[in-house]
Amino acid sequence: MTRWLALIAAALALLAPAFAQDAPAANAAPQPPLPLVEIATDVGTLTVEVDTRRAPITGRNFLAYVDKKMLDGVVFYRVVKAAADFGFVQFGGLGDPKRMLPPIAHEPTSQTGLSHTDGVLSVARFEPGSARGEFTIMLGAQTGLDANPSAPGDNLGYAAFAKVVKGREVLTRILDTPIDPAKTVSGVFAGEMPGNPVRITSARRITAP
């Protein structure tokens, strides 16, 4: 019996360092909640969770537009409806220099682990590193916009950075905005621009309920 007790004591002594290493992780303080932004529009209010952990550059860029109130008064100028409740809507300053901050580095989904699924926000761009203040929200999965390293050419996709966590029905109302087929911006977005676009009245950070 004495021998067995000695063996058990020796085993516990070997395990003690491992338990000591695990203890700090178990007692680590929980991470703070992700920032929430409430976007009030003519047709309802969206609540957006901004993933500043996995997409810190793109997330902080969006929050800068919010904090500077640069999204107040902008419209959902582009509506692409591929099917009922499926497509995407886009909002932002539409190139207005007064509503634009400097361009940001690109954070591909292959780096962040995010994906263009339903309700996800992404930032529009031309070449990587040109994104500024034009934002897109997915209705339905649009994973073709994710980075695809196996594809040829510019395969870095778009930078997903947030998701709608409340007010999903508001997206459907925006997607259903009637289109003006004659409306364009210098010849682009033909057939994708509403005659009377939905307006953002305010975009503000809020605390978690």
Side-chain angles (χ1 to χ4, degrees), residues 30-41 45-72 74-80 86-96 99-149 151 154-168 170-172 174-175 198 200 202-209:
Q31 290 185 309
L34 293 172
L36 294 176
V37 172
E38 190 173 80
I39 302 175
T41 79
T45 299
L46 301 164
T47 301
V48 172
E49 183 183 71
V50 184
D51 198 332
T52 50
R53 292 185 199 130
R54 291 189 287 177
I57 296 171
T58 319
R60 287 197 296 264
N61 176 65
F62 178 74
L63 292 174
Y65 280 89
V66 170
D67 294 341
K68 293 175 183 292
K69 301 181 180 180
M70 296 174 73
L71 297 180
D72 293 14
V74 305
V75 299
F76 285 86
Y77 58 80
R78 189 180 181 199
V79 170
V80 177
F86 184 84
F88 63 83
V89 295
Q90 192 166 326
F91 65 96
L94 198 56
D96 182 351
R99 292 187 179 272
M100 289 290 153
L101 297 173
I104 59 172
H106 183 56
E107 292 180 306
T109 55
S110 54
Q111 171 185 311
T112 64
L114 301 174
S115 182
H116 290 81
T117 53
D118 183 68
V120 161
L121 279 75
S122 184
V123 62
R125 67 171 178 87
F126 292 105
E127 67 277 0
S130 66
R132 301 181 78 175
E134 311 295 339
F135 304 101
T136 306
I137 311 180
M138 312 299 133
L139 287 90
Q142 314 282 330
T143 54
L145 298 177
D146 290 351
N148 181 5
D154 176 3
N155 55 26
L156 296 177
Y158 291 81
F161 67 90
K163 64 180 178 181
V164 173
V165 294
K166 186 178 179 181
R168 171 62 175 75
V170 176
L171 288 180
T172 303
I174 299 169
L175 188 70
V198 172
I200 293 176
S202 69
R204 299 285 185 274
R205 293 202 204 206
I206 59 172
T207 56

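Excluded from the calculations below are hydrogen atoms, water molecules and symmetry mates; all remaining heavy atoms, backbone and side chain alike, are included. Position 1 is the first residue of the sequence; numbering continues from there. What you are looking at is a predicted structure, and each value in this text was computed from that prediction instead of being measured.
Residues T109 and S115 form no side-chain contact, since every pair of their non-hydrogen atoms from C-beta on lies 4.5 Å or further apart. Under the 4.5 Å side-chain criterion, counting only non-hydrogen atoms from C-beta, L36 is not in contact with T207. Contact annotation: the side chain of E38 never approaches that of R204 to less than 4.5 Å [non-hydrogen atoms, C-beta and beyond]. A heavy-atom distance below 4.5 Å is not found between the side chains of F161 and R54. Using a 4.5 Å heavy-atom threshold, the side chains of L145 and M138 count as touching.
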>> L63 vs V50, test: side-chain contact (heavy atoms from CB on, under 4.5 Å). Steps then yes/no.
In response: CA-CA 8 Å; L63 292 174; V50 184; 4.0 Å; yes
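We find the CD1-CG distance between I104 and N61 to be 4.0 Å, quoted to the nearest 0.5 Å. Between the CD1 atom of I206 and the OG1 atom of T45 there is a distance of 9.5 Å, given to the nearest 0.5 Å. Atom CZ in F76 sits 10.0 Å away from atom OG1 in T136 (nearest 0.5 Å). With values rounded to the nearest 0.5 angstrom, L121 atom CG is found 4.5 Å from I137 atom CD1.
Each of T52, V123, L71 was checked for a side chain to side chain contact (heavy atoms under 4.5 Å, CB included) with F62, and the lone residue meeting it is L71.
In this view, F88 satisfies the ring pair (Phe, Tyr, Trp, His ring centres under 6.0 Å) rule with no residue, not counting sequence neighbours. Qualifying ring pair (Phe, Tyr, Trp, His ring centres under 6.0 Å) partners for Y158, counting only residues two or more places apart in sequence or in other chains: none.
Put simply, the side chain of E134 gets close to the backbone of L94: a donor and an acceptor are under 3.5 Å apart. The main-chain N or O of S110 is never found under 3.5 Å from a side-chain atom of D146 such that the two would form a donor-acceptor pair. For Y65 (side chain) and L101 (main-chain N/O), a donor-acceptor pair under 3.5 Å exists by modelled atom type.
Among all heavy-atom pairs drawn from L156 and P128, the shortest one is CD1-CG, 3.8 Å. Pairing each heavy atom of A147 with each of P108, the nearest pair is CB-CB, 4.0 Å. Scanning both residues, Q142 and G87, for their nearest heavy atoms gives NE2-O, 3.1 Å. Across I57 and A105, no two heavy atoms sit closer than the pair CG2-O, 3.8 Å. In terms of heavy atoms, R99 sits closest to M70 at NH1-O, 2.8 Å.
With respect to R60 and D67, no salt bridge is recorded, no charged nitrogen being found less than 4.0 Å from a carboxylate O. No salt bridge links D72 with K69; every basic N to acidic carboxylate O contact stays at or beyond 4.0 Å.
Classified by interplanar angle (parallel below 30°, tilted 30° to 60°, perpendicular above 60°), the ring pair F135/F91 is tilted.
Each side chain to side chain donor-acceptor pair (under 3.5 Å) pair with one or both residues in residues 117-127, not counting sequence neighbours, appears once here: H116-S122, D118-R168, R125-D154.
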